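Below you'll find the structure, written out as structure tokens, and then a few comments.
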Protein chains: 2
Amino acid sequence: MAGMWQCQVVTSASTAGAVRQGSLRELNLAVVLRRIAAADRPPSRAELAARTGLTRATVSAVVDDLIAGRLVVEAEPAPRTGAGRPARGLLLAADGPAGLGLEVNVDYLAACVVDLTGTVRHHLVRRADLRPASPADALARLAALAAEARAAAVRDGLTLAGAALAVPGLVGDGGLVRLAPNLGWRDVDVPALLAGHPLAEPVDGVPPLVVDNEANLAALGELYATAPGPRSFLHVTGEIGIGAGIVLDGALYRGARGWSGEIGHFPVQPQGRPCRCGGQGCLERYAGQEAILAAAGLPGAELPADTAATRLADLAEGGDPATLAALADAGTALGVAVAGVVNLLDLDTVVLGGGYAPLAPWLRPPVVAEISRRVLTAAWSPVTVRPAVLGAQSAAVGGATSVVRRIVDRPVGWLTRTP
Amino acid sequence: MAGMWQCQVVTSASTAGAVRQGSLRELNLAVVLRRIAAADRPPSRAELAARTGLTRATVSAVVDDLIAGRLVVEAEPAPRTGAGRPARGLLLAADGPAGLGLEVNVDYLAACVVDLTGTVRHHLVRRADLRPASPADALARLAALAAEARAAAVRDGLTLAGAALAVPGLVGDGGLVRLAPNLGWRDVDVPALLAGHPLAEPVDGVPPLVVDNEANLAALGELYATAPGPRSFLHVTGEIGIGAGIVLDGALYRGARGWSGEIGHFPVQPQGRPCRCGGQGCLERYAGQEAILAAAGLPGAELPADTAATRLADLAEGGDPATLAALADAGTALGVAVAGVVNLLDLDTVVLGGGYAPLAPWLRPPVVAEISRRVLTAAWSPVTVRPAVLGAQSAAVGGATSVVRRIVDRPVGWLTRTP
DNA sequence: CCATTTAATTCAACCGCTGAACAAATCGCG
DNA sequence: CGCGATTTGTTCAGCGGTTGAATTAAATGG
């Protein structure tokens, strides 16, 4: 709201369709459910009414719908408050819909199940070098892992409401992976390759699948895991490539075609090292995994991403001079890029995720230094730089959470779907 | 808070309040009015009903409200169509509310009046070197110009619904100008200095004032002037400093504190020329007005912004080698920065505004070249680079338009305000 | 001149929120 | 132990606003 005074905030004016009679209930279901999800302790109907501005009567009716739809349950132990009839707390249901998060990466496959409360109920990881595997083969193995996760969810009485697949590459419309360089994928049509597998077809209770970039889903995971934390931030994922997820006002910014966040080719040294992208001096050539390993004098450029980060962290912990210097240089390059982004987008939080998370103790100081050198507004309000709270494989968790988060944001979609 | 009238999509994770009964009409007023504003020819009630999904009965009721509130008029000459009762076209009223746009810049003051249809009804410009003037003096002269514009609007039967002031600097909450380096302003409290002047106090029919960055308002002006054009783009304003307005999905992105768009200190040459910001090799030192003039061998670094741009354009037109080389270098530097932004935000349109607009014929080629070199996704879909359709002083027009645009986006605010 | 066609209005029905009254459940005090 | 105070949650008439169909309005075409 800066730059504005006498500022009228508009309450959700959609450019899309008209607001029909039923939309009222649809919107209020979302308002109440979001409030329940965001509360730190189970709120009562009366409290929700006071907070939202709705009547207690309306809140009761809305809550009845939510309970009937298995999205909300009443907390059994009534929390003793002062005088008066004791309130019945409302909680998100832990045994209702759940989300399935999947990830295919260079050296592992992952699947996880997250319930409506955001709890990770299952998390399966299979290490495997997938670079030699064909896309069809990799996806077949992923489907098997997904079936395993789904069976575990069913055993818990959960209903999978959808699935999200994280891939390290550019994703186009319809689940088409245009390019995933480190996997060696190009124009891989994921739904087509999964045809026949239960994941791909929305029959029965089987969910449809959305495919997204791993950096995007990791950023969403961070958003949900830190709620109510900052609602706008930059989430930088350092792997072989460097990706950024941009969260603006609580929503992931995807860009015109869904390809936002390409920070790896930010020019940190325009006359510097040539890059395979055709440019020169790209960030990736200074703060990418291979560049850091090379600068630290480590041979294994073929190391798995998290192994590489752990190796570097161990060496830095031990005070290895070459590693410390490599990390300082990488942090400076990263700081130049991050400062540029912060200047452009006026963000107050930067999250170091993926392989950068374990290296944050050494990367953070140079990043902070570059920010305070280059960001003009840093003098008025500081920029927070911190490691991601979710560690590696946060993309799968973020994807699964985004599935259930969609239900919280628009519960009518779930309510009208269940028999 | 991201923005003043940023269109919130209903399904977004907004913490907004509850939807009451009256909100229904409020939202539908906006839906119908926006549809009328966006139509290329005056739509009938029946057509609006079909497009929005509302009933004809509802649309009629809504339109009655809008006509009663002087926001909409019926087009008199009924456009002859085929058989059946002829439709009565609906238009935005040209004699209802209007917006006042103001601009204070280094070498001129401007005021303009824009009516609801987006037509610029009046545009007053006073050339004056404002650098020696005190903020209070500059604002007093601006207030006189505003009064003149207001009188002209009243003569046309227009009602000013609000005013927006563009300043070349960082604007904080409450209309506080934190820093406007080229004006020599620091922590200037605009509303306080205007106290007593009719602009500042919302008495009578006199509008309240919002203060905003000139690059932001210029970008909004471009958005409205090109509608229905691209809904996401980067608008780069080249003056003494370089500012960027970021429009994402039809709304100006303001950043966490309203200070987004600082592109002038994008690192195009990290080991390059030192900059007054403390960094090195900032874009401003290569593509700012002073840098271009110096490289072209022009002495007058003190030239007014538009004069400087015109001078350079004239010289380039005449084939002056030094000027052509200076513009090529500036374009390359600009292209490096723009490519970084496009990579990050996945935008498909870049607009060269302000002083860059007349120089676009020479700046565009190197910018395009850098984009195609450095933007990975450019291969799949091209990035458009073009000059701004509004010339200089577009910020005042953008500000005035933003005032009336706010009414279109939330007509209930106007309807409940008129006696 | 009348059937046809499309536009706009009217009106009873209905949906969902409101506000107030009422029932439920617990605490505090005598 | 009992009764008022207090707060929660539900019930119900009322009402704003949309819906859908019927009705009126105003043109074209044979």
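Naming convention: chains lettered A, B, ... in sequence-line order (proteins, then strands); numbering from 1 in each chain. Given the structure is predicted, the values throughout are model-derived calculations rather than measurements.
Between A:Ser60 and the phosphate of D:dG9, there is no side-chain N or O to OP1/OP2 separation shorter than 4.0 Å. Between A:Asn28 and the phosphate of C:dC17, there is a side-chain N or O to OP1/OP2 separation shorter than 4.0 Å. OP1 and OP2 of D:dT18 both lie 4.0 Å or more from every side-chain N or O belonging to B:Thr55.
Nearest nucleotide to the B:Arg25 side chain, out of C:dT9, D:dC12, D:dG17: D:dG17.
When rounded to the nearest whole Å, the span between CD1 of B:Ile67 and P of C:dA8 equals 10 Å. Following rounding to the nearest Å, B:Arg20 (CZ) and D:dC15 (P) show an atom-to-atom distance of 17 Å. For A:Leu27 and C:dC17, the CG to P distance is 10 Å, given to the nearest whole Å. If you measure from atom CG of B:Leu66 to atom P of C:dA8, you get 15 Å, rounded to the nearest angstrom. In this structure, A:Leu48 places its CG atom 13 Å from C1' of D:dG9, rounding to the nearest Å.
The backbone N or O of A:Ala152 lies less than 3.5 Å from no partner atom in the side chain of A:Arg121, so there is not a single donor-acceptor pair. For the pair B:Asp156 (side chain) and B:Leu158 (backbone), a donor-acceptor distance under 3.5 Å is absent. Under a 3.5 Å cut-off, the side chain of A:Arg35 and the backbone N or O of A:Glu47 do not form any donor-acceptor pair. A donor-acceptor contact shorter than 3.5 Å is absent between the side chain of A:Arg56 and the backbone of A:Arg45.
Atom CZ of A:Arg51 is surrounded by 12 or fewer heavy atoms from other residues, nucleotides or ligands within 6.0 Å.
Nearest-nucleotide positions on DNA chain C for A:Gln21 and A:Leu54 put A:Gln21 closer to the 5' end.
To the nearest 0.5 angstrom, B:Thr401 atom OG1 is 10.0 Å from B:Leu223 atom CG.
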Using a cut-off of under 3.5 Å, enumerate the N/O to N/O pairs linking the protein to nucleotides 1-8 of chain D.
from: D:dT6; atom 1: O2; to: A:Gly84; atom 2: N; distance (Å): 3.4
from: D:dT7; atom 1: O2; to: A:Arg85; atom 2: N; distance (Å): 2.7
from: D:dT8; atom 1: O4'; to: A:Arg85; atom 2: O; distance (Å): 3.3
from: D:dT8; atom 1: O2; to: A:Arg85; atom 2: NE; distance (Å): 3.4
from: D:dT8; atom 1: O2; to: A:Arg85; atom 2: NH1; distance (Å): 2.9

